[in-house]
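Atoms within a ligand are numbered from 1 in the order they appear, just like the ligands themselves.
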Amino acid sequence: MKNDQLPIGRRSVLRLAAGLGVTVAAGAFALDRFGPGDTAGEGTPAAPQGPPAAAGPPASSPRLRPSAYRLQPMTAYAPAGRPRALPPVRRRPFLSLTGVGRTMVLTFDDGPDPRYTPDILATLRQYDCRAMFFVCGEMAVANPDLLREMADDGHVVGNHSWSHPLVPKLRPSRIRDELGSTSEVVERTLGAAPLWYRAPYGAWNRHSFEIGAELGMEPLAWSVDTLDWKEPGTGTIVRRVLDGAGPGVIVLSHDAGGNRSQSVAALRRYLPALLDQGYAVTVPRR
Ligand SMILES: [Zn+2]
């Protein structure tokens, strides 16, 4: 099931863009044996995901009680199943794969959400494709079965913080709570801690890179933003994916955080179109 995963390497060629006064995704990401010559994904550098309220944390849902986790800080958490060697502390997130041919990575953030995630999983299953889900801890703890379904289908479950805060506004101890608690929930549910994380709103800072590395995770951003959280219409989301398609492109979409019915419907259209164009839709492996 995981044969189609891509090996990650050590070399990265990244560029920096400033925004929100912090490091924001922009540039290229090279995996092992993949050089900087392949610039796929650089044409559409990622940008901050709009105002926090619009893409906001799912904490507004009354059934979610992020305060519950705050009563049980897990600052001592360390992944039991950590890789043999912790990743280096990055200065920028990975933004795309290079040198992987007609391979693309689809990523879905903010879930799992029982209203939308099952449909996304079903579509991926229908086409036998793997994707990455960057989950929020407070959503994951409420939907462990969906987390297990992701893993059972061979998808990669990444860490998207516990409550979707703007990380650069947090003290390091809070960043560690946000990332550590989420990794702990994923590990407790799946038996393995996440190997990837993504900062909410694409807003990273030095502490998040350091803490992510301590927890055994690599930072992953994106190269094509569907802006699906703005609900631009299914056709617009489809067009953004297909217009942005290219070797090594990482696509950002959402399966939670608002009404994601357009995101669900769009996947049903652009996924078979990508496959028809000869793209392999898969996930990186570490
Ligand atoms: Zn998010």
Margin query: Among the N, O or S atoms of His160, which one sits nearest to the Zn ion (ligand 1)?
Written below: NE2
Check: Salt bridge between Arg125 and Glu149, side-chain N to carboxylate O under 4.0 Å?
Finding: yes
Check: Any ion pair linking Arg240 and Asp243 (charged N to carboxylate O, less than 4.0 Å)?
Finding: no
Check: Within His164, is some N, O or S atom less than 2.8 Å away from the Zn ion (ligand 1)?
Finding: yes
Check: In Asp110, which N, O or S atom comes closest to the Zn ion (ligand 1)?
Finding: OD1
Check: Below 6.0 angstrom between ring centroids: does that apply to Trp222 and Phe94?
Finding: no
Next item on the list: May I ask you to decide if Ile250's main-chain N or O and Ser223's side chain share a donor-acceptor pair within less than 3.5 Å?
Entry: yes
